[in-house]
Amino acid sequence: MENNAELARLEEFVDKLLNKYNQLKADFHALQATLSEREAECAELKNNIYNLTTERTEVGNRVSGLLDRIGQWESDQETFLVEKSRGYESIQGSLFSDSPDGKNI
C-alpha cells in the first residue's frame, strides 16, 4: 500500500511538472510572437524615421534654395535702385513698370 501512495504522489508531481512545462512553453511561444510583432513594428518605425528625415532634408534644401533666390532678388533690387539713382535704368526695371514705355507712373 505504501508503494501505491508513493506512486500516486509521484504521478501527481509529474503531472504538475508537465502542466507547468506546458504553460511555460505556451508563454514562451506567446512571447516569441509578441517579440516578432515588436521587431516588425520597430522596423516600420525606423523606416518612417528614415523617410521623414529624408523628407525634412529635402524640404530644408528647397527652403534654402528659396531663401537664396529671395536674397538674390533683393540684391538685384538694391543694384537696380543704385543704378537708377545714378540715372541708369535697366531692362528689369521696365518689366515691372505700369506704362507701355517702361517708365513708372
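Index from 1, following the sequence.
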If you measure from [atom1] on [X] to [atom2] on [Y], what distance do you get to the nearest 0.5 Å?
| X | Y | atom1 | atom2 | answer |
| --- | --- | --- | --- | --- |
| Glu11 | Asp15 | CD | CG | 7.0 Å |
| Gln72 | Thr79 | CD | OG1 | 8.0 Å |
| Phe28 | Tyr21 | CZ | OH | 10.0 Å |
| Lys16 | Asn19 | NZ | CG | 10.0 Å |
| Ser36 | Gln32 | OG | CD | 7.0 Å |
| Leu35 | Cys42 | CG | SG | 10.5 Å |

Taking Thr34 for the side chain and Ala30 for the main chain, is one N or O donor matched with an acceptor at less than 3.5 Å?
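It does hold such a pair.
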With a 4.5 Å limit on heavy-atom distance, are the side chains of Glu41 and Arg38 in contact?
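They are in side-chain contact.
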Do Leu10 and Leu18 sit in one hydrophobic cluster, given that two such residues count as connected whenever their side-chain heavy atoms are within less than 4.5 Å of each other, even indirectly?
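Yes, one cluster joins them.
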Any side-chain donor-acceptor pair under 3.5 Å between Gln23 and Asp27?
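Yes, a side-chain donor-acceptor pair sits under 3.5 Å.
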Pair Lys25, His29 - check side chain to side chain contact (heavy atoms under 4.5 Å, CB included), show working.
CA-CA 6 Å; Lys25 195 164 96 171; His29 289 299; 3.7 Å; yes
Check against salt bridge (Lys or Arg N to Asp or Glu O under 4.0 Å), Arg9 and Glu6:
CA-CA 5 Å; Arg9 276 185 53 212; Glu6 290 294 321; 3.6 Å; yes
Qualifying residue for side-chain contact (heavy atoms from CB on, under 4.5 Å) with Glu55, from Thr53, Asn51, Leu52, Thr57
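Among Thr53, Asn51, Leu52, Thr57, the one that satisfies the side-chain contact (heavy atoms from CB on, under 4.5 Å) with Glu55 is Leu52.
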